[in-house]
Amino acid sequence: MSFIRALKCRECGKEYPKEALHVCEYCFGPLEVVYEYEDIKKVLTRDVITSRGPSMWRYRELLPLDREPTVGSQVGFTPLVRARNLADALGLKELYIKNDAVNYPSLSFKDRVVSVAISRAREMGFEVVACASTGNLANSVAANAAACGMENYVFIPYDLEQTKITGTLVYGSNVVGIKGTYDEVNRLCSEIAGKYGWAFVNINIRPYYAEGSKAFGFEIAEQLGWRLPKHVVVPMAGGSLITKVWKAFKEFHALGLVPELDSKVYGAQATGCAPIVTAVKTGSELIKPVKPNTIAKSLAIGNPADGYYSAKTIRESNGWAEDASDEEIVSAIKLLAETEGIFAETAGGVTLAVTKKLIEQGRIPRDESVVISITGNGLKTQEALQGRLEEPPVIKASLRDFDELVRSVGKKYAVKM
Ligand SMILES: *Cc1c(COP(=O)(O)O)cnc(C)c1O
Ligand SMILES: [Zn+2]
């Protein structure tokens with residue numbers, strides 16, 4: 001049972017059949033999925049949603065498939081953690097972490113978009129899936145394609161973190177390293193998609209893929225007890241997730257699932273790759289491409305596909321955007337781990353560091369609800385912490401050596417007398 005009405009051009013509004021299309025043939029605007037909201041309203045109530053299993057498919061009417069998903073049926077419904085320790089450290093009253101560092105199966109929010117994209121690709125009859133990736137998408141496409149036995153090709157900048165490369169190869173994916181930036185990888189993939197007829201999840205079937213990100217927003221609303229937070233901070237690479245979190249909030253509000261829509265969304269990027277942040281700060285409609293130079297490789301897209309729309313979303317919600325230096329990213333990764341026991345990847349460091357700035361700037365008031373979006377797992381970007389953590393002391397297996405260690409470092413090791 002499908003609730004997809006059509007694909008629609010975000011610029012001129014022209015509608016297209018729900019096929020493997022992604023740009024408007026009249027104005028070259030990007031296409032977006034639109035639904036039969038009146039029909040959805042009749043079936044999708046809070047009770048119906050809560051009666052379903054703990055995955056993002058509990059919102060299935062608002063996701064762009066004609067049938068049941070054929071891969072990733074357990075994706076999503078990750079924890080929304082009340083972060084009291086971090087709130088104290090930041091001087092906030094009500095803080096939550098939406099933790100997609102533990103998303104199934106590949107430990108990033110990309111599992112949401114990929115389970116939608118691959119399921120949709122199969123519905124449309126594609127036999128091969130592929131992607132251009134900054135790392136997490138590679139992991140997720142490879143894992144989910146393996147799970148449903150689909151041939152897959154993954155294109156990455158050759159100098160990605162080793163863990164992200166290993167975490168793609170292990171699934172038996174066809175991985176191709178490209179000597180170039182993500183933006184060059186992406187350009188090549190557009191040509192390959194046209195020539196080989198493969199389903200590139202984030203290129204030629206992007207309208208469907210991107211919708212998967214909405215579930216991140218739906219879950220925040222439900223897990224907050226069917227209300228929206230006042231402030232949400234979201235990391236931006238291509239800029240899609242932030243637009244879809246906002247779309248999710250608007251859809252839930254329009255369907256009467258949350259009482260009011262009074263949220264501000266904030267975008268976070270690394271200083272070494274901040275084209276969207278720059279546009280927001282300078283009030284520009286144009287996104288000026290940059291050449292990325294940051295440890296936050298998962299966010300290193302210099303020419304973001306949804307840059308224009310993400311800046312527009314931020315403005316529409318009265319939010320703001322900020323960037324964080326590599327030094328600030330590392331400190332924030334440590335702060336999150338030490339206060340909440342959550343090990344986020346570099347993108348999470350970016351998001352927390354930016355949240356801290358927005359609080360200090362007074363843009364996020366200390367007494368209002370805040371959600372920080374943690375989108376990937378720190379075990380995948382350990383290089384970023386190389387040499388930044390204290391080495392553990394090494395001693396012989398003798399109590400006397402340990403006693404000596406305790407004496408030499410003072411109070412670090414608690415002794416019960
Ligand atoms: C891809 C990615 C993002 C941002 O996604 P966009 O939708 O391209 O903005 C954020 N965090 C992590 C960890 C990612 O891998
Ligand atoms: Zn158009």
Side-chain angles (χ1 to χ4, degrees), residues 7-16 21-32 78 98-103 106-114 117 131-141 156 160-161 164 167 182-183 186 201-203 206-207 209-214 216-217 233-247 265 267-270 273-277 287 295-311 313-314 321 329 333 344-352 354 372-381 384:
L7 293 176
K8 187 176 175 182
C9 174
R10 268 161 152 180
E11 286 305 312
C12 73
K14 184 174 161 48
E15 290 199 0
Y16 291 84
L21 303 166
H22 66 117
V23 281
C24 176
E25 53 187 47
Y26 290 89
C27 75
F28 300 105
L31 304 184
E32 185 178 26
T78 55
K98 177 61 176 168
N99 188 9
D100 265 17
V102 293
N103 205 5
S106 75
L107 308 178
S108 86
F109 101 89
K110 292 298 197 304
D111 291 323
R112 300 176 182 277
V113 282
V114 169
C131 69
S133 174
T134 57
N136 284 313
L137 185 58
N139 296 166
S140 187
V141 165
I156 51 172
L160 275 191
E161 296 98 338
K164 286 195 174 152
Y182 171 82
D183 300 284
N186 194 60
V201 298
N202 55 336
I203 301 175
R206 189 175 178 87
Y209 156 94
E211 286 287 291
S213 291
K214 289 192 306 189
F216 192 88
V233 190
V234 184
M236 303 185 292
S240 177
L241 174 62
I242 192 167
T243 65
K244 297 296 177 174
V245 167
W246 183 236
K247 184 178 180 185
V265 297
Q269 292 195 298
C273 181
I276 307 171
V277 174
I287 308 290
I295 57 168
K297 295 186 182 184
S298 57
L299 302 182
I301 297 185
N303 188 10
D306 286 292
Y308 168 78
Y309 294 100
S310 50
T313 294
I314 290 166
I329 293 167
I333 289 174
E345 73 143 79
T346 44
V350 170
T351 311
L352 174 53
V354 160
I372 296 178
S373 308
I374 295 301
T375 49
N377 195 298
L379 292 171
K380 295 202 223 176
T381 59

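Atoms within a ligand are numbered from 1 in the order they appear, just like the ligands themselves. Index from 1, following the sequence. Everything numeric here is computed off the predicted structure, so don't read it as measured data.
- Here the straight-line distance linking atom CG of Leu137 with atom CD1 of Ile156 works out to 11.0 Å at 0.5 Å rounding.
- The distance from ligand 1 to the heavy atoms of Gly239 drops below 4.0 Å at these ligand atoms: 6 (P), 8 (O), 9 (O).
- Considering backbone and side-chain N/O atoms, Ser298 never comes within less than 3.5 Å of an N/O atom of ligand 1.
- Backbone and side-chain nitrogen or oxygen atoms of Leu241 are examined, and one is located within less than 3.5 angstrom of a nitrogen or oxygen of ligand 1.
- Nearest protein neighbour of atom 8 (O) of ligand 1, counting heavy atoms only, is Gly238 N, 2.8 Å.
- Shown are the protein N/O/S atoms under 2.8 Å from the Zn ion (ligand 2), given by residue and atom: Cys9 SG, Cys12 SG, Cys24 SG, Cys27 SG.
- The CE atom of Met236 sits 10.0 Å away from atom OG1 of Thr313, with the distance rounded to the nearest 0.5 Å.
- In terms of N/O distances under 3.5 Å, ligand 1 is not approached by Glu345.
- Within the 4.0 Å heavy-atom criterion, the part of Leu299 lying near ligand 1 is the side chain and not the backbone.
- At a heavy-atom cutoff of 4.0 Å, ligand 1 is contacted by no atom of Lys244, backbone or side chain.
- The one candidate from Asn136, Asn377, Ile333 that meets the side chain to side chain contact (heavy atoms under 4.5 Å, CB included) condition with Glu345 is Asn136.
- Using 4.0 Å as the threshold, Ser108 has no heavy atom nearer than that to any atom of ligand 1.
- Listed by atom number, the atoms of ligand 1 under 4.0 Å from Met236 heavy atoms are 9 (O).
- With ligand atoms numbered from 1 in the order given, ligand 1 contributes 6 (P), 7 (O), 9 (O) to contacts under 4.0 Å with heavy atoms of Ser240.
- When only non-hydrogen protein atoms are considered, atom 12 (C) of ligand 1 lies nearest to Thr375 OG1, 3.3 Å.
- A donor-acceptor pair under 3.5 Å is absent between the side-chain atoms of Asp100 and the main chain of Ser373, judged by distance alone.
- A donor atom on one side chain and an acceptor atom on the other are not found under 3.5 Å apart for Thr78 and Asn99.
- A distance-only check finds a donor-acceptor pair linking the side chain of Asp183 to the backbone of Asn303 [under 3.5 Å].
- Looking at Gln269, its side chain does come within 3.5 Å of a backbone N or O of Ile276 through a donor-acceptor pair.
- Between Ser108 and Asn139, every side-chain heavy-atom pair lies at or beyond the 4.5 Å cut-off.
- Both the sub-6.0 Å distance and the 45° axial angle are not jointly satisfied by Arg112 relative to the ring of Phe216.
- Of the heavy atoms in Ala237, both backbone and side-chain atoms come closer than 4.0 Å to ligand 1.
- Residues passing the salt bridge (charged side-chain N to carboxylate O under 4.0 Å, His left out) test with Glu15, sequence neighbours excluded: Arg5.
- Those atoms of ligand 1 that come under 4.0 Å of a heavy atom in Pro235, given as number and element, are 10 (C), 11 (N).
- Geometrically, ligand 1 and Lys110 share a nitrogen or oxygen pair separated by less than 3.5 Å.
- Atoms CZ and CG, on Phe109 and Asn103 in that order, are 9.5 Å from each other to the nearest 0.5 Å.
- Contact annotation: the side chain of Lys110 never approaches that of Val201 to less than 4.5 Å [non-hydrogen atoms, C-beta and beyond].
- Distances below 4.0 Å separate heavy atoms of Ala347 from the following atoms of ligand 1: 11 (N), 13 (C).
- With Ser133 contributing its side chain and Ala138 its backbone, the two residues share a donor-acceptor pair below 3.5 Å.
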